[in-house]
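The figures here come from the full heavy-atom set of this structure, side chains too, leaving out hydrogens, waters and symmetry mates.
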Amino acid sequence: MRHLPSIRHRLLPICILLALSSLIIFAQNKPQPMDEDFAKSVKEWTTRPEFISPLVDHLPKVAGVPSPKDVLGYHIGQPKKLTRTTESYRYYRALAEKSPRVKVLNIGQTDEGRECLVVIVANEDTVKNIEQYRGYLAQLADPRRITEAQAQEIIAKAKPIYHLMGGLHSGETGPPEMLMELAYRLAVEDSPVINTIRDNVIVTITPAAEPDGRDRYVDWYYRHKLDETGEQDSMGGPPYWGKYIFHDNNRDINYSQVTMRNLLEWYLQWHPPIMHDLHESVPFLYTFSGQSPQQPTLDPILYGELPWFANFEMSQMIKYGMPGVWTHAFVDMWSPGYLAFMSSNHNGMIRMYETFGNGGANTMKRKVDTGEGTGGGRQSPSSREWYRPSPPYKEVEWSMRNNTNFMQTGVLSALQLTSEFPKVVLENFYQKSRNSIESGKKDAPFGFVIPPQADMTRVQLVVNLLRLQGIEVGRATAEVKLKEGTFPAGSFIVKRDQPYGRLAKILIEKQNFPDPNLRTYDDTGWTMGLMTQTEIKEIADPGVLDVPVEPVGKLEIKGEVKGGGTTAYAIINRGSNNLVTLRYRLKDLKVQANEQVFKSGDIEIPAGSLIVAADGKAKTAVEQLGLTAVALQSMPTVLMHEVDLPRLAVYSTWGNTQEVGWVRHALDKFEVKYDLIYKERVKQGNLRDAYDVIIVPNQGRGGKGLVFDREPQRKPLAYTKSDQFKSHGVYGESEDITGGMGLQGALEFQKFVEAGGLVVTLGQASFFPPEFGLTRSIEASRPSTQFYAPGPIVEAEILQPQHPIFYGYAQKTIPVRYANGPLLNVPERDRDQQVLMRFPGADKSVLSGLMRGVAETRNRPAIVDVPAGRGRVILFATNPCYRWQNHGEFAMLFNTILHHNDIKTIEKKPAQTAEVK
Ligand SMILES: [Zn+2]
């Protein structure tokens with residue numbers, strides 16, 4: 001059954017057989033020497049005979065070219081072996097040094113200074129002329145510059161790049177191992193399938209998409225997980241992967257994280273028509289085919305391509321006798337924010353696997369059918385379905401080598417298909433690129449206008465976020481007259497008749513989720529104008545395509561100081577997030593805020609503007625940060641307060657650091673200084689002596705989770721730096737990350753507030769103050785089970801516009817991302833004083849994306865400000881710092897920081913007091 005030559009022969013398509021007959025005769029006449037030790041080891045590590053295929057049960061031995069074992073000392077898939085990036089990079093470089101078919105590119109650095117690599121594997125000639133092949137793909141990616149006939153000529157010469165990524169999610173340990181063996185096999189194996197791949201396809205590999213997290217996880221594995229025997233005694237993972245975020249590195253729609261951006265920049269230079277992201281979760285191998293809801297703006301060709309590949313892989317692997325390979329019914333095609341979507345967003349093809357993995361390299365008994373179902377509680381993962389004709393087993397003994405075998409066989413099948421139809425893949429890539437341009441000429445909206453507006457820093461943000469993704473933005477050279485209105489010269493124009501015009505539409509338009517009964521894997525809404533609270537006009541007038549513009553590179557907005565006063569500057573607050581940066585840059589100066597609006601000449605200075613003595617340093621900061629200041633002849637006479645900077649802490653559990661990470665990332669980007677504190681510091685007490693404000697970001701899924709956090713294990717889980725585990729003890733240190741702050745910690749929070757501190761809770765963390773007595777009068781509840789709100793954007797109504805939290809917000813109703821925080825209830829008698837913002841909760845309040853059961857949010861508080869003891873607690877049911885996304889809400893958090901000790905509760909109105917029972 002597994003006699004190699006005969007199997008290979010049987011699999012051979014006739015055309016290739018003819019085309020490569022001389023090669024095959026050579027291969028069959030003089031079989032390549034095989035690594036007997038590999039075959040024997042792999043057979044031993046594979047837990048059942050059907051868990052391997054004829055594509056991967058052998059490995060050639062080639063004199064002078066190192067196999068993974070030659071460099072690492074072990075074959076891929078050896079139990080209890082994981083490879084750190086330094087070692088895997090050493091392997092790829094050793095391979096590239098000895099094989100002219102392999103090349104290693106450095107594409108940048110991580111937050112922690114590790115390298116990001118891309119490895120290229122193809123035949124010698126292709127690698128030698130790789131720049132030429134890169135050029136062909138760049139030409140196909142922008143069909144405006146070539147004729148149809150030229151396109152056909154290029155397609156005849158070009159080769160598709162098939163990009164593979166492993167290690168985006170650090171706990172999914174198999175792909176970075178498998179990819180090393182794959183690179184070697186593709187470089188050296190002499191067999192019809194591999195030869196055709198090597199000749200017709202350029203394979204590129206991201207060895208570890210999150211190198212910092214890979215190393216931290218491998219350290220964690222060797223430190224804590226080596227003796228795990230099954231799910232029942234799993235010790236879980238480390239508190240961090242990358243510097244800031246976990247799984248959200250696959251939800252970073254604006255490419256805020258440096259490693260993700262490195263990859264995007266590489267993508268836009270190399271244009272791989274296919275990008276395949278290798279994950280781990282469901283058994284045994286799930287291959288993504290883009291189920292509904294589907295992003296309707298993407299090219300319909302894509303939705304034909306996805307099942308084409310998935311079905312080929314599935315039928316090949318079933319043919320090899322491998323069970324449990326399936327497609328459909330897991331991940332949908334709605335959100336464009338997954339990392340590998342950079343491919344489909346740019347007219348390529350996203351591909352994705354989930355292979356079964358053990359979160360380490362131990363062989364374990366795994367219960368596949370836990371009765372919980374997959375993909376939002378649907379079928380059991382071992383049921384037979386039309387898309388799962390050969391289901392996984394209910395229970396299985398699973399090894400790292402099984403994982404390698406399944407994933408590598410799938411990938412080789414996908415590469416085989418690509419190598420058989422390279423021209424079809426290229427034609428499709430070209431056609432999708434051309435269609436994107438054509439659709440911009442035929443289908444409204446034909447473009448978008450971003451007019452100059454009060455706060456230009458958010459225009460800068462939006463333009464640069466679009467530019468980052470390769471979307472062309474122009475600046476109108478004269479006044480623009482369109483059906484939608486007249487826009488001044490200098491307005492920014494995004495025309496849809498460009499290769500990435502469809503992506504511009506996807507990012508900017510309102511998301512109309514097609515069916516409230518469908519579930520989705522991530523957010524349903526992300527409309528950029530709403531999230532950043534920037535005016536972006538959708539244009540249905542085709543005239544926008546002919547507006548003369550000059551191209552915009554990276555946009556820099558220079559701020560200015562207006563007027564000739566010599567006493568003070570009033571730095572106007574129009575909601576820019578950069579105001580907080582300015583305050584921190586001027587930390588040694590006295591800065592005040594006006595509590596009421598005033599005028600300087602014709603210019604209105606809104607409340608919450610920053611008043612500082614006229615000074616060169618202040619002027620420089622205003623200019624650098626794109627802000628506007630007015631030079632005053634005398635200090636304003638309206639009521640002002642000093643904007644003194646708090647001693648700020650951000651509280652993090654050890655068990656849920658991701659959302660804390662997004663807040664840390666935003667604070668770092670805006671140069672806000674803070675201490676990151678954990679249970680260790682909280683339990684020490686005396687918080688008030690050290691801090692004025694503690695922010696508790698969204699975490700813990702409720703008060704109980706926040707307080708008790710990770711369950712204690714059979715031994716302490718240390719996250720401390722040591723010579724052996726250098727990646728640990730970074731961002732914080734703990735001898736045992738389990739157990740949470742406990743009731744003792746909750747009590748310290750209470751003492752902090754009693755003593756005059758300000759606690760600010762975001763999202764789910766806002767269950768904590770009501771549930772643990774910091775805000776006794778407030779109730780926090782959860783919506784019904786019918787309620788479903790996967791990240792929609794909804795209206796919120798500001799009830800106390802004079803409150804410092806809303807400095808810079810000119811509108812009474814603003815768009816916010818619904819955060820699935822608590823449904824708060826404030827007693828009637830306190831509502832007028834304590835509720836700062838609420839959700840109107842009407843059907844029309846859902847501005848983008850899906851909220852099922854909107855009435856449950858009707859008039860529920862969105863922000864509550866509760867005096868407690870000598871301090872106060874501010875509860876956000878929203879999350880004013882959601883990923884790198886809702887920039888329009890960030891200022892509410894920054895205002896809370898800046899004005900922490902100038903927040904007052906408004907006077908009770910006599911009429912309302914009468915209603916109190
Ligand atoms: Zn994953």
Any M165 side-chain heavy atom under 4.5 Å of M275 side chain: yes

side-chain hydrogen bond (donor to acceptor under 3.5 Å, both in side chains) partners of Y240, counting only residues at least two apart: Y678

Ring pair (Phe, Tyr, Trp, His ring centres under 6.0 Å) partners of Y133, counting only residues at least two apart: Y136

Derivation and outcome, salt bridge (Lys or Arg N to Asp or Glu O under 4.0 Å), residues K69 and D35: CA-CA 11 Å; K69 187 174 182 178; D35 185 335; over 6 Å; no

Heavy-atom side-chain contact between K43 and P49 under 4.5 Å: no

Other residues, nucleotides, ligands: >12 heavy atoms within 6.0 Å of K721 NZ: yes

Aromatic plane relationship, F288 with Y286 - under 30° parallel, 30 to 60° tilted, over 60° perpendicular: perpendicular

Pairwise side-chain contact, T327 with E313, heavy-atom cut-off 4.5 Å (strictly under): no

E395 and K365: CA distance, side-chain angles, deciding distance, salt bridge (Lys or Arg N to Asp or Glu O under 4.0 Å) verdict: CA-CA 7 Å; E395 273 189 354; K365 262 229 158 28; over 6 Å; no

Those residues that, when tested against K159, pass salt bridge (Lys or Arg N to Asp or Glu O under 4.0 Å) (two or more places apart): none

For F38, all residues meeting ring pair (Phe, Tyr, Trp, His ring centres under 6.0 Å), sequence neighbours excluded: H75

Donor-acceptor pair between N129 and D125 side chains, under 3.5 angstrom: yes

Test: E87 and R84 ion pair at under 4.0 Å: no

Pairs involving residues 188-236, ordered by first then second residue, that meet ring-ring contact (aromatic ring centres under 6.0 Å, His included) (sequence neighbours left out): W220-H224, W220-H728

Donor-acceptor side-chain pairing of T720 and R223 below 3.5 angstrom: yes

Set of salt bridge (Lys or Arg N to Asp or Glu O under 4.0 Å) partners for K98, sequence neighbours left out: none

Pairwise side-chain contact, M407 with P175, heavy-atom cut-off 4.5 Å (strictly under): yes

Where at least one partner belongs to residues 102-118, residue pairs that pass salt bridge (charged side-chain N to carboxylate O under 4.0 Å, His left out), sequence neighbours excluded: R93-E115, E112-R114, E112-R216, R114-D212, R114-D215

Side-chain donor-acceptor contact under 3.5 Å, R351 with T287: yes

Any P283 side-chain heavy atom under 4.5 Å of V396 side chain: no

E735, CD: over 12 other non-hydrogen atoms inside 6.0 angstrom: no

From CD (E280) to CZ (F356), nearest 0.5 Å: 10.0 Å

Ring centre gap for Y719 and F725 strictly below 6.0 Å: no

Heavy-atom check, side chain of Y92 versus side chain of I205, under 4.5 Å: yes

F406: partners by ring pair (Phe, Tyr, Trp, His ring centres under 6.0 Å), with sequence neighbours left out: F51, F284, W398

N249 and T259: side chain donor to acceptor below 3.5 Å: no

P323 and E50, any side-chain heavy atoms less than 4.5 Å apart: yes

Interatomic distance, L285 atom CG to N405 atom CG [nearest 0.5 angstrom]: 11.5 Å

Test salt bridge (Lys or Arg N to Asp or Glu O under 4.0 Å) applied to R401 - qualifying residues, sequence neighbours left out: E181

Over 12 non-hydrogen atoms of neighbours within 6.0 angstrom of NZ in K715: yes

Salt bridge (charged side-chain N to carboxylate O under 4.0 Å, His left out) pairs, two or more places apart, involving residues 233-243: none

For D252, salt bridge (Lys or Arg N to Asp or Glu O under 4.0 Å) partners two or more places apart: none

Under the ring pair (Phe, Tyr, Trp, His ring centres under 6.0 Å) test, residues paired with Y184 that sit two or more places apart: none

